There are 2 protein chains.
Amino acid sequence: MAERAAKSPTIYDVARAAGVASSTVSRAFARPGRVNAETAEHIRKVAAELGYRANPLARALPTGRTSMISLVIADVTNPFYNEIVRGAQAAALEAGYTTLLTDAQESGAREREALERALTMVDGIVLATSRMSDSAIRMIAKQRPVVVMNRAVTDVPSVVTDNPRGVRRAVEHLGELGHDRITYLAGPEASWADGTRWRALREATHELELHAHRLGPYEPTVAGGAAAAADLMRHPTSAVLAYNDLMAIGLIRALTAAGVRVPDDVSVVGFDNIFAAELVTPALTTVAAPLHAMGQAAVRNLLALTRGARPTTQAPVVLPSQLVVRGSTGHRRRNRTSPASGTTKVSGPALMAATSTVAGSR
Amino acid sequence: MAERAAKSPTIYDVARAAGVASSTVSRAFARPGRVNAETAEHIRKVAAELGYRANPLARALPTGRTSMISLVIADVTNPFYNEIVRGAQAAALEAGYTTLLTDAQESGAREREALERALTMVDGIVLATSRMSDSAIRMIAKQRPVVVMNRAVTDVPSVVTDNPRGVRRAVEHLGELGHDRITYLAGPEASWADGTRWRALREATHELELHAHRLGPYEPTVAGGAAAAADLMRHPTSAVLAYNDLMAIGLIRALTAAGVRVPDDVSVVGFDNIFAAELVTPALTTVAAPLHAMGQAAVRNLLALTRGARPTTQAPVVLPSQLVVRGSTGHRRRNRTSPASGTTKVSGPALMAATSTVAGSR
DNA sequence: GGGTCGGTGGCAAGCGGTTGCCAATTGTTG
DNA sequence: CAACAATTGGCAACCGCTTGCCACCGACCC
């Protein structure tokens, strides 16, 4: 059983080896101009020889700054977060910060608990689609800088996508295809994005003289979408806007299994443009969020806060969303979601002409 | 600009308020029996009133134990890791540990660098599909307990899936469908799993008197699989075993686009059973790894190590893998991957009879 | 009644850095 | 050449918590 290598060298070891005081070593690293250039150079050389590496914990104690931030997401297994996480990590890394990823497992309680543990260890927190209440979030924000994503909380800076614009584009797209009635499949009630999207849908359909209808709420998962299919059969429609891609995918599968064809019988639009959206058949038309950019923006804003910047503005940072047209939307043919009987087909290629405005990454 | 709440109370505050020494407060929390039950109770009450919460960093300094572990994965955007991360987090949480998730972005260099930063902060490290060299890993293992996943490194405990068994099952499955020649699409050369799978394929095909062929390496991504399609057209085959699901999916898409039908013209089997595997069309037949269990097992072993357990055994912990039969494999009909010309179809349902031994979660 | 001993609580020395303050050295300036 | 400012390095006091060691105390024993 090989014992762990002897404890790593400290500033004291370096100080002794370099013939200076420990404080000088400390400053040589932390306070650039504070020490003579030559001395600093010498110290750095000795430190390198000894393999000295500053202990971030020890540094954190007196300064109170840990150079760690916490990223809390609702569900690690949801592919929606993958790109967000990467964006956030990239921004954190470039600023010399380490990220603590926390999975709330879709539970506000677990989220609070995890946060409780992390709170004292981090310089700031990014809450991606938090399931906690506004007041709970504000409570946390009193103790550490916080930035929320996909949500607006009074007095807490946030980063969101332009949902209204995205919904508007989706509605226009469906309108152009001849659909005059759009059914919204609602997601979690605790979700801020859900409310925003439904509201935007109502406004957009109203302006364009179309009709909006709402079903739900459902779980924001493939299973939830499948569950919605049954309800949808009872409320015939020709176009559906789902709360997110996972639901849209589940819906399409259930519909297909029931003999309803997509997009021939019903058009489906999702939200988020997750990785799988372009892989399913038919490929999913969806409102894409700039996931990577959001993660990055959230962390950058957070770090600005930790440096003492005043909470940006009261208005959230809004990132543009984009409609990605793929195969799940097509011309309106019938007004029902019941099994097909006719066989005249609109040519596939024509339907997919406008395919992929944005290519899936990877 | 609301100033952050006053610094949180320390053991000294609690000690004063409770009329005892700080050391007693410390022990009341950390060393159960060491202090009188009543005193402890009193201290705990006072602490609760003050809202005292131990500072993990301050605790880490004298003890050298941070209660944090690092989980390093090759690519956060790869859905393969989602369940692993969750399993790992669950195991860590139940033991009171916090997880530091690090994305190596498929680069051994970035991996080392990130590790460098985290090394001093964590009690142990789990390397999920590391891209570093064996010696680099052993170097790290000298400084902190390490457990590797999906890989075997001499002297470093590891957790892997039963690749040979999985491959064997896939080969048997394909054999039963009449395929006598299986083409392997290789993944990253730095991947241990890749070598293991190819070797297992050769052995299995040999025993069953089939032929194995190898193409690649390719990127372990959808794009990589698509790239393989072109090569595959030049090396006709009726059955393909891909390094992972992402590649399998990319391959199927490219093949389909080129007019080659799956599974009619060629059967495709993937590895990992990622989330999207059951969503694509045709649904992917794949060798499923117990992702969640692996993450969990890795962390549990790691924690055992930090508690001083001697490196389990030299042999890796092997978790069972399972073949999930879906729609991408079918009876052999032709021996070429060139565009179809015949139209006789094996009935779809028959082909999919054995569908989903394991249901995808969610 | 004195000696032992287990149970408790306190003292104080770290853990590895940071940093305010002071002193020594060197360079400027009138 | 004295007075003074700027530069640079060292001293030592923390940051919040852990823990070895000691002191004290009442109980128990002989």
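Heavy atoms only: backbone and side chains are in, while hydrogens, waters and symmetry mates are out. A note on names: the letters A, B, ... follow the listed sequences, proteins ahead of strands, and every chain is numbered from 1. Remember, predicted model here, so these are calculated numbers, not experimental data.
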Can you tell me if the side-chain N/O atoms of [X] get under 4.0 Å from OP1 or OP2 in [N]?
X: B:Thr10; N: D:dC15; value: no
X: B:Asn55; N: D:dC17; value: no
X: B:Arg31; N: D:dT19; value: yes
X: A:Ser26; N: C:dT18; value: yes

More 5' along DNA chain D: B:Ala58 or B:Thr24, using each one's nearest nucleotide?
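By nearest-heavy-atom nucleotide position, the 5'-most residue is B:Ala58.
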Please determine whether any donor N or O and acceptor N or O are separated by less than 3.5 Å between the side chain of [X] and the base of [N].
X: B:Arg34; N: C:dG9; answer: yes
X: B:Arg27; N: C:dG10; answer: yes
X: A:Tyr12; N: C:dG17; answer: yes
X: A:Ser23; N: D:dC11; answer: yes

Do you know the tightest heavy-atom contact between B:Thr66 and B:Asp123?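 Scanning both residues completely, I find the closest heavy atoms to be N-OD1, 2.9 Å.
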Check: Of the nucleotides C:dG9, C:dG16, D:dT18, which one has an atom closest to the side chain of B:Thr63?
Finding: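 Nucleotide nearest to B:Thr63's side chain: D:dT18.
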Nearest to side-chain heavy atoms of A:Val35, which nucleotide of D:dT18, D:dG9, C:dC15
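The closest nucleotide is D:dG9.
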For [X], which contact category applies under a 4.0 Å heavy-atom criterion: base, sugar-phosphate, or nothing?
X: B:Ala60; result: nothing
X: B:Tyr52; result: sugar-phosphate
X: B:Val25; result: nothing

What is the distance, to the nearest angstrom, from the [atom1] atom on [X] to the [atom2] atom on [N]?
X: B:Arg53; N: D:dG16; atom1: CZ; atom2: P; answer: 15 Å
X: A:Leu119; N: D:dG16; atom1: CG; atom2: P; answer: 15 Å
X: A:Leu61; N: D:dA13; atom1: CG; atom2: C1'; answer: 13 Å
X: A:Asn36; N: D:dG9; atom1: CG; atom2: P; answer: 5 Å
X: B:Arg65; N: D:dC17; atom1: CZ; atom2: C1'; answer: 14 Å
X: B:Ile43; N: C:dG9; atom1: CD1; atom2: P; answer: 8 Å
X: A:Leu57; N: C:dG16; atom1: CG; atom2: P; answer: 11 Å
X: A:Ile11; N: D:dC11; atom1: CD1; atom2: C1'; answer: 13 Å

key: Carboxylate-amine/guanidinium contact B:Arg110 B:Asp103, below 4.0 Å   =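 No.
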Q. How about A:Leu291 and A:Arg86: do any of their side-chain heavy atoms sit closer than 4.5 Å?
A.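 No, their side chains stay 4.5 Å or more apart.
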Going by heavy atoms in the side chains, are A:Asn82 and B:Val76 under 4.5 Å from each other?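 Not touching, per the 4.5 Å side-chain cut-off.
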Between B:Phe29 and B:Tyr52, ring centroids under 6.0 Å:
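Yes - the distance between ring centres of B:Phe29 and B:Tyr52 falls below the 6.0 Å cut-off.
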Can you list the steps and then say if B:Glu94 with B:Arg300 is a salt bridge (charged side-chain N to carboxylate O under 4.0 Å, His left out)? CA-CA 10 Å; B:Glu94 94 188 0; B:Arg300 291 206 178 126; 3.1 Å; yes
